[in-house]
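Quick note on labels: first sequence line is chain A, next is B, and so on, each numbered from 1.
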Protein chains: 2
Amino acid sequence: MTTQARTRAATINDVARVAGVSRAAVSKVLRDAYGVSDAMREKVNAAIDELGYRPRVSARGMRGATFTIGIELPNLDNPFFSDLVSGATSRLLGEPYQLIVAPASPANAEGERAIQALTDRQVDGVIAISPEVEQSWLEDVAAAVPLVMLGRHDDTREYDTVVGDDAAGTRLVLEHLLGLGHRRIAHLTLPESVTVERPNTTHGVREAAYRRIMADAGLAGEIRVVNVEPDPETVYAATRDLIDGPDRPTAVFAAHDELALTVLRAVADAGPAGGDVSVVGYDDTWIARHPLISLTSVNQSGQHMGGRAIDLLLDRVAGRKHPVHEVVAPRLLVRESSRAPTA
Amino acid sequence: MTTQARTRAATINDVARVAGVSRAAVSKVLRDAYGVSDAMREKVNAAIDELGYRPRVSARGMRGATFTIGIELPNLDNPFFSDLVSGATSRLLGEPYQLIVAPASPANAEGERAIQALTDRQVDGVIAISPEVEQSWLEDVAAAVPLVMLGRHDDTREYDTVVGDDAAGTRLVLEHLLGLGHRRIAHLTLPESVTVERPNTTHGVREAAYRRIMADAGLAGEIRVVNVEPDPETVYAATRDLIDGPDRPTAVFAAHDELALTVLRAVADAGPAGGDVSVVGYDDTWIARHPLISLTSVNQSGQHMGGRAIDLLLDRVAGRKHPVHEVVAPRLLVRESSRAPTA
DNA sequence: CAGCATTGTACAACTCGCGGT
DNA sequence: CACCGCGAGTTGTACAATGCT
């Protein structure tokens with residue numbers, strides 16, 4: 001502690017020696033296991049404090065648990081993901097588990113690598129968002145470690161899911177816009193590799209629901225889906241194409257808030273010449289609520305979803321085997337970014 | 001792989017048996033160590049593929065490295081932190097290291113716990129942002145594992161630092177505002193526990209520079225520092241107090257963009273009655289550039305800082321002993337949130 | 001007898017079942 | 001019976017030692 005350049009960090013053996021007990025006894029105290037007297041516990045704890053001892057998680061992981069749960073995220077830029085993490089973190093207060101986040105590399109399809117990095121590190125459970133990964137691969141992962149997936153509507157054998165009711169959320173958005181009198185409503189979303197090719201993902205369900213509801217409203221001819229890579233430049237350019245092109249939509253339903261913000265930016269930059277375009281997002285992130293942004297959005301409480309994911313994971317760690325699929329009800333928050341069309 | 005309900009995951013022993021070689025040989029090809037023939041490498045890799053073998057990082061950690069570098073962050077809500085992580089992630093492409101993020105719990109002074117969680121997990125290096133932690137404690141940590149701290153101007157013995165030139169950045173802000181004709185310029189920042197009590201932190205330096213520059217400009221009487229906990233409600237209330245109270249400032253210099261956004265919110269909510277208040281932030285996060293926000297801010301490139309932190313850490317892993325202190329030059333981005341005072 | 005490739009084996013730090021007082 | 005300790009087991013690393021041209 002006070003001495004510098006300590007030779008080596010203390011191990012369980014050092015603690016045992018100082019406390020005058022066996023290594024196994026120290027282990028029991030550490031794990032709060034059955035069969036330790038108060039006197040023993042006190043002696044051991046005193047030695048632990050004296051040496052500043054901390055158990056190596058690596059060594060623990062060889063036989064027991066690592067008391068670590070890992071969460072894989074596509075990136076940290078989307079504030080919805082921060083909500084998830086913050087919900088998970090606060091649900092974990094008081095539990096002996098430490099949360100670690102593994103951001104997938106910017107490249108696509110890096111989700112697998114990040115999930116594997118977590119399992120390689122012997123985490124006790126994994127939470128992940130990976131629309132691009134095959135279900136069969138996830139089932140294999142789940143056979144080895146408790147797994148909860150976010151944002152997938154899969155019918156699974158081995159893992160749990162927490163997901164918003166994306167069809168209902170999309171209905172809320174479209175009924176709102178249709179009710180305002182909009183007809184030319186475009187849907188801006190992620191590439192087809194995570195929508196039409198992955199009909200069980202959030203964005204797959206949202207796109208399908210958009211198409212269905214538009215058709216049901218007799219607006220099949222107005223269906224317009226723009227699939228783009230989610231980097232700002234591409235989204236911006238795609239939106240400008242939409243605004244500056246023929247048959248400009250009067251409303252854009254963006255698949256999530258981060259996209260919606262870029263749409264708002266393009267609309268703002270286009271100025272009055274761009275016409276009056278309503279914009280709706282999804283996730284109701286904190287920035288949507290900002291009065292200067294005031295973005296109409298669908299709330300599905302990322303905090304709550306993150307917390308529930310932890311609940312399900314801890315259930316699984318405790319032994320549950322059958323899959324649970326939790327669906328979170330969406331709410332529409334109407335703000336200034338959506339209004340009746342002027343034309 | 002294809003078979004389900006595999007009994008147990010493959011170990012290095014299984015690989016050795018299938019390949020018909022010794023365990024040591026397998027270890028060598030895994031580590032790319034000296035002294036393996038091409039034939040050996042091929043046999044082993046074939047066995048690895050066949051078994052779907054992946055080395056346990058826990059076991060590796062017992063003797064060698066974990067190929068993991070950990071980054072501790074106070075939270076994931078501040079987009080500047082996302083920039084840091086994204087800079088670190090892309091700098092790490094091609095390196096054999098995996099980045100994991102440990103968010104500190106919302107409670108204050110949880111930074112120590114999160115850093116310890118990383119060292120307990122035997123990471124090969126740590127990057128951290130922890131203004132509240134004692135330097136002596138960090139020196140102890142750094143004696144055991146390579147450490148790079150962000151946002152601290154410490155004169156260190158064992159760890160490196162990457163930090164913006166906060167005095168220069170503050171000067172850019174104040175010269176800009178003074179040049180516009182502002183006199184009543186308030187500074188909204190974090191609690192004194194991380195400013196006046198920690199003069200080596202970013203926010204400590206910014207506050208001190210604010211006081212000095214104001215005084216040098218003959219405005220000692222106008223110095224007004226508001227120290228608040230950074231949760232939105234508190235910041236909002238403090239800003240309203242400022243706006244609605246006597247001697248309303250004509251400009252507010254917020255210590256970082258996340259705070260500045262809440263200030264903008266309070267100003268927007270106050271409406272014309274709140275008067276014309278210029279707002280300046282710090283970090284130039286992506287949201288500051290949004291045309292609906294258009295926040296004047298100081299850029300110190302989080303991406304660059306995150307990348308440099310990785311560079312320094314890898315240097316240290318490779319053996320460097322003496323401390324390096326890297327200072328990043330700031331740039332002021334003037335946008336619509338700051339303008340000449342009307343009164 | 002160099003100069004390789006390859007293997008044997010001593011660790012590393014903890015957990016846990018079982019046997020002993 | 002309540003407590004405690006022995007010792008094997010966990011998976012990989014790395015160095016010394018062996019075997020082979």
Side-chain angles (χ1 to χ4, degrees), chain A residues 6-45 47-48 51-68 96 119-124 144-145 317, chain B residues 6-45 47-48 51-68 96 119-124 144-145 317:
Chain A
R6 256 198 132 2
T7 61
R8 293 192 24 69
T11 75
I12 200 173
N13 279 309
D14 300 323
V15 176
R17 188 165 20 77
V18 169
V21 300
S22 76
R23 202 170 63 221
V26 177
S27 177
K28 284 187 182 177
V29 173
L30 287 173
R31 290 174 288 127
D32 238 333
Y34 175 80
V36 278
S37 63
D38 290 353
M40 159 78 65
R41 199 187 328 277
E42 259 179 64
K43 269 191 302 187
V44 169
N45 282 327
I48 287 175
L51 297 173
Y53 165 75
R54 305 202 44 104
R56 291 315 172 272
V57 172
S58 293
R60 284 190 145 174
M62 306 251 16
R63 280 190 74 73
T66 58
F67 298 101
T68 309
T119 57
D120 289 348
R121 279 158 186 78
Q122 305 282 104
V123 296
D124 296 335
V145 57
V317 170
Chain B
R6 258 204 131 356
T7 61
R8 290 190 29 66
T11 75
I12 200 173
N13 279 308
D14 301 325
V15 177
R17 189 167 16 79
V18 169
V21 300
S22 76
R23 203 168 67 225
V26 178
S27 177
K28 279 191 175 185
V29 326
L30 285 174
R31 290 173 291 131
D32 237 332
Y34 175 81
V36 278
S37 63
D38 291 352
M40 162 75 70
R41 199 189 328 279
E42 258 178 65
K43 267 191 304 187
V44 169
N45 281 328
I48 286 175
L51 296 173
Y53 166 76
R54 303 200 48 101
R56 289 323 165 267
V57 173
S58 292
R60 286 188 144 174
M62 304 243 32
R63 292 201 60 102
T66 57
F67 298 101
T68 309
T119 57
D120 289 348
R121 280 156 186 78
Q122 305 281 106
V123 295
D124 297 336
V145 57
V317 170

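- The phosphate of D:dC4 (OP1 or OP2) has a side-chain N or O of A:Ser37 nearer than 4.0 angstrom.
- Between the side chain of A:Asp124 and the main chain of A:Thr66, a donor-acceptor pair closer than 3.5 Å is present.
- For A:Ser27 and A:Arg31, the side-chain atoms include at least one donor-acceptor pair closer than 3.5 Å.
- Here D:dT10 presents its P atom at 18 Å from CD1 of A:Ile12, a figure rounded to the nearest Å.
- Here the P atom of nucleotide D:dC3 and the NZ atom of A:Lys28 are 10 Å apart, to the nearest Å.
- Residue B:Val21 is in sugar-phosphate contact alone, with no base atom involved, counting any heavy-atom pair closer than 4.0 Å across all strands shown.
- B:Ala24 comes within 4.0 angstrom of a nucleotide base, judged by non-hydrogen atoms across all strands.
- Side-chain N/O atoms of A:Arg121 and B:Thr68 include a donor and acceptor closer than 3.5 Å.
- For the pair A:Met62 CE and C:dT15 P, the interatomic distance rounds to 12 Å; values are reported in whole Å.
- For A:Arg31 and C:dC16, the shortest distance from a side-chain N or O to OP1 or OP2 is below 4.0 Å.
- In terms of phosphate contacts, A:Arg23 brings no side-chain nitrogen or oxygen within less than 4.0 Å of OP1 or OP2 of C:dC14.
- Remark: B:Ser27 is in phosphate contact with D:dT13, judged by side-chain N or O atoms under 4.0 Å from OP1 or OP2.
- Regarding B:Met40, its CE atom lies at a distance of 12 Å from the C1' atom of C:dC4, rounded to whole Å.
- Shown are B:Asp14, B:Ile12, B:Asn45; of these, the side chain to side chain contact (heavy atoms under 4.5 Å, CB included) with B:Val26 is made only by B:Ile12.
- Side-chain atoms of A:Arg63 and base atoms of D:dT10 include no donor and acceptor less than 3.5 Å apart.
- Here C:dA12 presents its P atom at 23 Å from CZ of B:Arg121, a figure rounded to the nearest Å.
- Computed from coordinates, the B:Tyr34 OH to C:dC4 P distance equals 5 Å when rounded to whole Å.
- Side-chain N/O atoms of B:Arg56 and base N/O atoms of D:dT11 include no donor-acceptor pair closer than 3.5 Å.
- The residue among B:Ala59 and B:Arg41 whose nearest nucleotide of DNA chain C lies closer to the 5′ end is B:Arg41.
- If you take CZ of A:Arg17 and P of D:dG5, they are 15 Å apart, rounded to a whole angstrom.
- Looking at every heavy atom in both residues, A:Gln122 comes nearest to B:Ser58 through CG-OG, 3.2 Å.
- Nucleotide C:dA12 holds its C1' atom 13 Å from the CG atom of A:Asp14, rounded to whole Å.
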